[in-house]
Amino acid sequence: MKHDHIGERDAAHKRDHVIRTAEWVLRKIYRKATGPEIIASRNRILESIHKEAQRRSR
């Protein structure tokens with residue numbers, strides 16, 4: 001049981017790190033982007049998330 005909690009904690013830490021890194025990268029990119037570029041980027045991100053969710057549900 002204890003090892004399960006450690007594994008879950010490590011997985012959560014890695015996931016949080018990936019999310020923080022992605023947010024940092026997007027902030028840097030969006031700083032110089034125009035409105036339409038930001039919208040297009042967000043649409044691509046949402047599409048990617050949707051595809052990944054579908055892949056994982058199979």
Side-chain angles (χ1 to χ4, degrees):
M1 285 300 253
K2 187 175 184 179
H3 295 293
D4 289 339
H5 292 296
I6 292 172
E8 290 173 10
R9 192 173 14 178
D10 287 345
H13 177 72
K14 288 178 185 178
R15 183 177 53 249
D16 291 344
H17 177 70
V18 168
I19 290 170
R20 283 193 309 273
T21 301
E23 288 172 340
W24 177 81
V25 168
L26 289 174
R27 270 196 311 273
K28 257 189 118 144
I29 292 169
Y30 286 170
R31 201 174 291 153
K32 296 180 181 179
T34 64
E37 290 172 332
I38 292 172
I39 292 169
S41 174
R42 287 182 180 168
N43 288 338
R44 285 191 303 272
I45 291 167
L46 290 173
E47 182 180 332
S48 176
I49 291 169
H50 181 71
K51 285 180 182 178
E52 181 65 17
Q54 284 183 329
R55 185 187 70 79
R56 288 184 184 208
S57 68
R58 289 184 210 159

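In this chain, residues are counted from 1 in sequence order. Note that the coordinates shown come from a computational prediction; the quantities given were computed from them, not determined experimentally.
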Would you please test His13 and Arg9 for side-chain contact (heavy atoms from CB on, under 4.5 Å) and show each step?
CA-CA 6 Å; His13 177 72; Arg9 192 173 14 178; 5.8 Å; no
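- Only one option out of Arg20, Lys14, Arg15 pairs with His17 in a side-chain contact (heavy atoms from CB on, under 4.5 Å); it is Arg20.
- Taking Ile, Leu, Val, Met, Phe, Trp and Tyr as members and joining any whose side-chain heavy atoms lie under 4.5 Å apart, directly or through other members, the hydrophobic cluster of Ile49 also contains Trp24, Val25, Leu26, Ile29, Tyr30, Ile38, Ile45.
- Between Arg55 and Lys51 the shortest side-chain heavy-atom distance does not fall below 4.5 Å.
- Nearest heavy-atom pair, Glu37 versus Ala33, reported as atom, atom and distance to 0.1 Å: OE1-CA, 3.3 Å.
- Qualifying salt bridge (charged side-chain N to carboxylate O under 4.0 Å, His left out) partners for Arg56, counting only residues two or more places apart in sequence or in other chains: Glu52.
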